[in-house]
Each structure stands twice: as structure tokens, then as C-alpha cells.
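Structure first, then comments.
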Number of protein chains: 2
Amino acid sequence: MLKMAILGFLRDFPLHGYDLKNRVAALAGHVRPIADGTLYPTIKKLEEAGCLTRRTAPGSVAAPRHMLEITQEGTDQLRRWLRSPEPVFITDDNKWYVLLAFLHHLDNPREQSIVLARRREFLDQPAQLFFDEQGRPVPPDRLESPFRKGLMQIHRSVNLTEIDWLDGQIAELDRRAGYTAATAREA
Amino acid sequence: MLKMAILGFLRDFPLHGYDLKNRVAALAGHVRPIADGTLYPTIKKLEEAGCLTRRTAPGSVAAPRHMLEITQEGTDQLRRWLRSPEPVFITDDNKWYVLLAFLHHLDNPREQSIVLARRREFLDQPAQLFFDEQGRPVPPDRLESPFRKGLMQIHRSVNLTEIDWLDGQIAELDRRAGYTAATAREA
DNA sequence: AAGATATATATCGACTCCGAGGTAGAACAC
DNA sequence: GTGTTCTACCTCGGAGTCGATATATATCTT
């Protein structure tokens with residue numbers, strides 16, 4: 001997840017580690033800062049893998065910065081992750097939202113649409129969150145805990161909101177992909 | 001998170017590992033199954049810490065089950081985690097929803113209200129998710145990516161839904177806590 | 001009769017990430 | 001002038017989790 005976020009941000013424009021840290025924190029955990037001990041070793045690994053290069057530049061107020069730039073290899077890797085995300089990126093909300101934040105780097109509307117459809121399919125499964133002693137699902141109105149009731153209520157509302165957006169977005173992307181295909185045939 | 005979920009479920013009624021696995025999967029990742037290699041060592045650790053005991057019982061169709069029961073020590077531990085959750089349990093949606101699923105095990109409405117208020121306070125912070133090259137926040141309507149736009153839109157809608165529910169719930173709990181205090185003073 | 005599937009438990013190596021610690025310079029408050 | 005905060009980088013140990021692998025039984029399918 002962190003690797004995707006780093007390459008995704010660098011695809012927009014070059015950044016140094018400290019800046020990256022703040023951007024990832026704002027996006028991923030909203031406000032949960034990403035630890036230095038996580039960020040810097042990950043940058044190092046991406047550099048060793050040839051996904052990014054660094055240039056030392058003078059710091060604005062303090063120590064010199066390492067300006068990071070994404071390479072062609074890094075761009076390819078990012079696109080592979082976005083095009084064929086692992087299942088957990090579809091089902092884990094945190095990871096999904098990070099993926100969504102960089103999906104525009106996949107420049108083919110058809111490919112974007114396919115990823116959104118995977119999420120859409122996942123959200124379609126009705127949520128059975130709680131079960132009784134015999135293993136039978138307990139419907140929201142039978143739950144004794146008001147917190148569990150609220151949890152399911154919120155969960156349902158959130159899902160409907162996202163499904164709504166997904167449907168509109170998928171339709172729009174498919175329309176555009178259709179035009180692109182038609183234009184390509186004409187030419 | 002997994003430890004809290006295990007003790008939380010066992011607080012309702014005794015369960016064996018396999019059953020626990022399915023319940024945690026349904027709740028936590030919604031559908032993301034928790035790996036065996038995660039569950040069983042965690043159960044073992046909780047047992048060693050005196051938080052649960054196990055009794056071997058014949059399996060319904062297969063190998064013998066280890067029926068797990070929570071101890072007084074385990075109940076105390078669970079309540080401590082619920083009463084004073086670490087910051088990440090407030091800010092990470094996945095973890096927060098797990099906490100919410102077991103908050104009814106904290107039987108004092110005042111304590112429950114305090115936890116909800118912490119979440120409420122966190123949600124009040126306006127989300128600045130994306131920044132431009134100069135580090136200035138980019139408002140949703142200025143974002144070029146429709147995915148980022150959707151992301152912020154959904155995020156906002158979700159927050160409002162949860163805030164609404166939290167406010168109602170906190171008011172109800174405080175009302176009840178007031179009554180309890182009044183009744184206690186009368187007696 | 002053989003193979004797949006569901007139940008049920010357990011270990012091990014790998015990976016991700018965090019938290020605590022260290023280095024260092026500039027700005028700002030007291 | 002001294003302490004604190006913010007910028008900026010880095011390492012090490014540990015916690016948590018996953019995926020692969022192993023074992024075993026019962027049922028259902030072919």
C-alpha cells in the first residue's frame with residue numbers, strides 16, 4: 001500500500017521524503033502519520049528496485065533534501081498494481097481508497113472501469129456481520145447492542161453511497177471507452 | 001485488533017477457533033478471511049496470558065474442537081482496551097468498527113459515551129486529502145481526477161452519516177448516565 | 001474407489017509496519 | 001543563551017499478519 005502511494009504521488013511530480021510522509025499521512029490514515037521507520041526503508045527498496053531515483057537538493061530550512069523522481073520502471077510497476085490489484089485492495093476500505101486516489105494514472109478508461117467493477121461486485125454482497133450461538137445471521141433489528149445496530153446502519157448507508165457513485169462512474173467510463181474504440185475504428 | 005475481537009466474541013458465549021475465524025472474517029475485513037497462521041498463535045498467546053481457557057470437545061463433523069472460554073482476567077483486559085483505546089483505534093476505520101462491535105461490553109454508559117466522543121472529535125477535523133506542488137490543499141472541485149473527487153465526496157458523506165449517529169447516541173447515553181447518577185444519589 | 005470439499009487445529013518463514021532511538025540545522029519563544 | 005519545535009534523514013528491534021504447509025476426519029461427488 002505504501003509503495004503504491006509513494007509511486008502514485010511521485011507520478012504527479014517529484015517530492016522529497018518528508019513531503020511524501022505528510023501527503024501519505026493525510027491520505028491513508030487521515031491524520032495517522034506514517035512512521036519514519038516505515039517510509040525511509042521503503043523508499044530505499046523502491047530505489048534499489050529501480051522504481052525511483054534521487055537527487056540531493058538543499059533543504060528549505062534544514063538538512064538537505066533527497067528529491068525523489070519516478071522512473072519508467074516505477075511508472076510501469078505502478079500501472080501493474082493499479083490494473084490488477086490484489087483482492088485485499090478491493091475489500092479493505094483503507095487500501096481501496098488509496099488505490100482510488102491514483103487510479104487516474106491508469107490512462108485507459110476501459111481498464112479503470114474494470115477495477116471499479118470489481119469493487120462494485122464486492123459491495124453487492126449483502127453484509128452479514130453478526131451471528132448467534134447457532135451460527136445463524138442476526139438481522140440489524142434483532143441486535144441488542146445499539147452500537148452493533150448503528151454499525152450495520154452506517155455500513156449500509158456507506159455502501160449505498162459508494163455503489164451509487166460507482167455506477168455513475170462506470171457508465172461514464174464505458175461511454176468514453178466506447179467512443180475511443182469507435183474513433184479508433186474510424187481512423 | 002484481533003485480540004480484542006477474540007475476547008469480544010468470547011464474552012458473548014464460548015466458541016472454538018474455527019467458528020471464531022468465520023465471525024472475525026465477517027466483521028473485520030467483511031469477507032477477508034483471517035489467516036490460520038494469525039488466529040491460532042494469537043489464541044495461544046491469549047491463553048498464556050490467562051485471558052482464556054480451553055476444553056477439548058468432540059467436533060461436529062471433523063477433528064475435535066477446542067472450546068474457548070473467556071476468564072475474569074480476559075474480561076478485565078477487554079474492558080481496559082475498550083475503555084481506553086489507543087489512538088489508532090479511533091482513527092482507523094477498520095479498527096474503530098471492530099471496537100464499536102464490542103462497546104456494549106463496557107457496561108457503564110458514561111464510559112461508552114466518552115469513547116464515542118473521542119471518535120466524534122476526530123471526525124470533526126475537516127479532511128484535507130490532497131495538496132498541490134506548493135503544499136496547498138486542493139479543494140474537491142479543483143481536483144482533476146474524477147476518482148479523487150469521488151473519494152472526497154464519499155468520504156464527506158460517510159462522515160456526516162456517522163456524526164449524525166454519534167450525536168444521537170451520545171445524547172442518549174448521557175441521558176441514561178444522568179438518570180443512573182440521579183437514581184444512585186436518591187438511593 | 002477416488003477425489004474434492006468442509007471441518008478443525010497447528011507451525012514456520014517472510015513481509016509490512018511501528019516505535020524508539022539517533023543525527024543535524026534553522027527558527028522561534030522565553 | 002537556552003529550550004522547544006519544525007524540518008530532514010536514517011537504523012534497529014519487535015509486533016502483527018499472511019501464505020504455505022502439514023495433519024486428520026467426515027461427507028459429498030463422480
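In the text below, chain A, chain B and the rest are named by the order of the sequence lines, each starting its count at 1.
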When B:F9 is tested against each of B:I70, B:L68, B:D19, B:L15 for side-chain contact (heavy atoms from CB on, under 4.5 Å), which residue passes? B:L15
Closest non-hydrogen atoms of A:P85 and A:L99, given as atom of the first, atom of the second and distance, are CB-CD1, 3.4 Å
Closest-nucleotide 5' rank along DNA chain D - winner of A:E86 and B:K45: B:K45
Separation of D:dT7 P from A:L15 CG (nearest whole Å): 15 Å
Closest non-hydrogen atom pair between B:E133 and A:R23, with its separation: O-NH2, 4.0 Å
Write down the distance between CG (A:N22) and P (D:dC9), rounded to a whole number of angstrom. 11 Å
side-chain N/O B:T38 vs D:dC18 OP1/OP2, d < 4.0 Å: yes
The side chain of A:M1 lies closest to which of these nucleotides: C:dT11, C:dT7, C:dC17? C:dC17
Whole-Å distance, A:L46 CG to C:dC15 C1', equals 14 Å
Could you tell me whether A:R83 and A:D76 have a side-chain N and a carboxylate O separated by less than 4.0 Å? no
Name the nucleic acid region contacted by B:G17, choosing base, sugar-phosphate or nothing; use a 4.0 angstrom heavy-atom cut-off, strictly under. sugar-phosphate
Distance-only donor-acceptor pairs under 3.5 Å for side chains of residues 134-142 of chain B, two or more places apart:
unit_1, atom_1, unit_2, atom_2, d
B:Q134, OE1, B:R136, NH2, 3.3
B:R136, NE, B:D132, OD2, 3.0
B:R136, NH2, B:D132, OD2, 3.1

dist B:D174:CG -> B:S113:OG (nearest 0.5 Å) comes out at 3.5 Å
Send over the distance from A:I43 CD1 to D:dC10 P, rounded to a whole Å. 7 Å
What contact category does B:K44 fall into here, base, sugar-phosphate, or nothing, at under 4.0 angstrom with non-hydrogen atoms? sugar-phosphate
Would you indicate which nucleotide in D:dT11, C:dA10, D:dC10 comes nearest to any side-chain atom of A:P41? D:dT11
Between D:dT7 and A:H16, is there an OP1 or OP2 to side-chain N/O distance shorter than 4.0 Å? no
Using a heavy-atom cut-off of 4.0 Å across all strands, would you classify B:L39 as base, sugar-phosphate, or nothing? nothing
Can you check the A:M4 CE to C:dC15 C1' distance for me, whole Å? 17 Å
Measure from NZ on B:K3 to P on D:dA15 and round the result to the nearest Å. 9 Å
Side-chain-base donor-acceptor pair under 3.5 Å for A:D36 and D:dC9: yes
Euclidean distance, atom CZ of residue B:R55 to atom C1' of C:dA8 [Å, nearest integer]: 16 Å
Note: for B:M67 and A:T42 on DNA chain C, the residue whose nearest nucleotide lies more 5' is B:M67
Taking 4.0 Å as the cut-off, does a side-chain nitrogen or oxygen of A:R54 come that near to OP1 or OP2 on D:dC10? yes
Tell me the interatomic distance from B:K95, atom NZ, to C:dC17, atom P, rounded to whole angstroms. 12 Å
Which nucleotide, C:dC18, C:dT9, D:dC9, lies nearest any side-chain atom of A:A35? C:dC18
Check whether any side-chain nitrogen or oxygen of A:R65 sits under 4.0 Å from OP1 or OP2 of C:dG25, and answer yes or no. no
